[in-house]
Amino acid sequence: MTEITTENYLSEAKRAIKNQVLQNALADLQHRFGTETALAYQNLPEGPELRFKAHDIRMHTIDNLDVILDKLAENVRKNGGHVFFANNGKDAIEYSLRIARKHNVKRVVKGKSMVTEEIGLNSAFIESGLDVSETDLGEYIIQLAGEHPSHIIAPAIHKTRNDVGKLFSEKMGIPYITDPAKLTQAARKALREKFLAADMGTSGCNLACAETGHITTVSNEGNIRMATTMPKVYIAFMGMERVAARLEDHDVLIRLLCRGASAQNMATYVSYIGGPRYPGQADGPEEFHLVILDNGRSRILADEDFREMLCCIRCAACLNVCPVYGKIGGHSYGFTYSGPVGAVVTPLLVGINKAKHLCLGETLCGACKDQCPVDIDIPRMLLALRSKLAEGDSVWGVTPADRKEKSMYRAWSWMISHRGVYDLFLKMAAFGQKFLPQKEGMIRWLPPPMNGWTQSRDMKPIASESFLQRWRKGS
Amino acid sequence: MATSKHAEFIGRIKKALGHPKEDDQRMAEFFNLPISENDRTILEHIKNRTPEEKQKLFEVLIEAAKPINLNVIALPDVSSVTSAIVDLVEQKEPEWGSKKSVVAWNHPLIERLNLEEALSQQDVPVYVAELKNEEEQSSSSSDERKRLRQQIIDSYIGITSADFCMADAATLVMRTRPGQARSVSLVPLIHIAVIRYDQIIADLKELYALLKWDPENHKEGLTNCMTFISGPSKTADIEANMVHGAHGPREVYVYVISDKD
């Protein structure tokens, strides 16, 4: 599995906020995609309400995932493809290494895939002596830099053109250039050689189609078409939830996916791939493998509170509007999935306690839900996670995150339900606050354990006379 | 071995769902349903589109093509397409070497262009993406396939037709068949697609209705690779600057033949 650094959320977030280059890039990204995606929904013939229909389609699919996946496997096999069900990342890696060995594979070209990032496929391949190249330009940059993606569809958003120029000149031995068009051309040349020399191609799967037995890949660059067309073996990896039953579901979902991901009516390339090359065809892989991955998803499925999260089609629309992601960037989230989607999915995949900061860090503003192409209620699930953190949960193995906080709230709730005690508290507080440092009528600092409240803001002092007292006086 | 994992995997999902209904009953909700009234109307509409509606559709296509830098050009007949291609070959320079060559699908519409003859004056060879040797067709690494692969890699222009063109997002729909290799629209620097006016359909709804319910299209199915192409390859991965020609073609031309024959 890929490295999990969710515990460093707070320190990483602080670092990201101080990184001015990142701040500019994030602001630009959100300004552009946030606005344009909302507009793209408005311009749908069915209007933004199509998202509600998409939600129903996704939910209905997830509610019947067993029969739909069964149908998908049956039809992929009918088309001549192989299907492997992987319980976890280890199973998926072992299977793909077995395929690689069988075909004596040396060089692998990869299309962008979050699920292979989740299971750490790259490092496993490299450890086994395979030469692995990411081929999405952003992912290629990240791979050369030895980093992880910081955004689901714009993985290198945190890199400037100067960074990329320096990186290319170091790693590819070309002169230092900074023009994006020229840098793209340099990558095109380098990666074309890799595509043509590769023995195996891999990619993710945006949305499979059960009734026809195809997987669908969506890209703008054409790298996934290359990876699925030129090498002799092709393996597609999909999270088990990434399937639709029928083509008419694709009509709704593909259109929304393209709008959610990058405000496009249609991505440049959408491919339905079902099975290997037939006799007589000049190109296409000799073998087609589909790896369907659970890796903790059936646990999410079993919990009614979180099942809805499996509707997600990983378009990253929520990242592009999230006020928290917009400040702290993708790396702070410490795992493959960042932003609002990461704040729910990551705790469920890696452990709620381990990744507690992710769900505690979001604002519950609801922008993610409004921008989600399949209208997933992320704020509801953030709250459900927080409630598990507050109360503890045996099914998910959650220990209450902060007992002190809980007892304080219990005391508070007791106090405010006893009028006399509450009045006494107010009187004491109004007196006590005179000893606290103040500026321009605001309290600058509260003593522990309330000091967190004044860490980054000032507090309004308690009025000398309460509302009730004024009411009684009639003034 | 794979089968037992399969059963275990699906079994786990079944358990997680805790479904009260029978599998068959749920299957029947999704699969093998009869054609809906809606799809029937769509098919009727495609069949009976009036000339005005077709013209309207073409205009939608032209508008959708503009923002994605897809060149859609209407031409009256086959011979004007041929001369347009001859002009392109003359103007455009290859990307990797200096020798110009072109690769084309084996397709009735492309055949009528007589490209080999038309380009012979410029001394530009036209390769056809077709395996001729029947015996070698099934072999995995036939010499003929290797030679064809190299010809596609060497060519700087790839010429294809398409099954459909969806107007609403300016999208070519191409299925794969013997003689109609997928790399022809992918590996060369420039992709030219030649289609007939009546291959233009409105949107995904129409496409999927045709694939599911039109007898001829349904019989062939999606093939093992159905690709949608909407404009030239692009990336915005460096400081969100849009650049064409990331891995696929940098320019795409769609020639729409409007004659009625």
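Source: prediction; values computed, not measured. Lettering follows sequence order; numbering is per chain, from 1.
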What part of [X] gets closer than 4.5 Å to chain A, counting heavy atoms only: side chain, backbone, both or neither?
X	answer
B:Thr171	side chain
B:Arg177	backbone
B:Ser185	both
B:Glu29	both
B:Val187	both
B:Arg149	side chain

Worked check of side chain to side chain donor-acceptor pair (under 3.5 Å) between B:Asn224 and A:Gln281: CA-CA 10 Å; B:Asn224 56 355; A:Gln281 289 184 339; 2.9 Å; yes
Chain B interface, residue from A:Ile141, A:Thr135, A:Leu69, A:Leu196 that has the most non-hydrogen pairs under 4.5 Å: A:Leu196
Ignoring hydrogens and angles, tell me if any N or O in the side chain of [X] forms a donor-acceptor pair with the backbone of [Y] under 3.5 Å.
X	Y	value
A:Asp66	B:Lys14	no
A:Arg188	B:Gly248	yes
A:Arg225	B:Arg182	yes
A:His214	B:Thr223	yes

Within 45° cone of A:Phe84 ring axis and under 6.0 Å: B:Lys5 NZ or CZ: no
side-chain contact (heavy atoms from CB on, under 4.5 Å) partners of B:Asp203, counting only residues at least two apart: B:Asp168, B:Lys205, B:Glu206
Proximity of residues 151-159 of chain B to chain A, residues having a non-hydrogen atom under 4.5 angstrom: B:Ile153
Which atoms of A:Thr228 approach chain B - backbone, side chain, both or neither, heavy atom under 4.5 Å: backbone
Contacting moiety of A:Arg307, where chain B heavy atoms sit under 4.5 Å: side chain
Stepwise side chain to side chain donor-acceptor pair (under 3.5 Å) check, A:Glu211 with B:Asn32: CA-CA 9 Å; A:Glu211 73 172 352; B:Asn32 302 320; over 6 Å; no
Aromatic plane relationship, A:Phe85 with B:His6 - under 30° parallel, 30 to 60° tilted, over 60° perpendicular: tilted
A:His60-B:Phe30 aromatic ring centre distance below 6.0 Å: yes
Atom of A:Ala282, atom of B:Ala181 and distance for their closest heavy-atom approach: CB-CB, 4.0 Å
Stepwise side chain to side chain donor-acceptor pair (under 3.5 Å) check, A:Glu221 with B:Thr235: CA-CA 6 Å; A:Glu221 298 188 358; B:Thr235 183; 2.7 Å; yes
Flag if over 12 foreign heavy atoms under 6.0 Å of NE2, B:His45: yes
Ion pair check, B:Glu239 and A:Lys159, cut-off under 4.0 Å: no
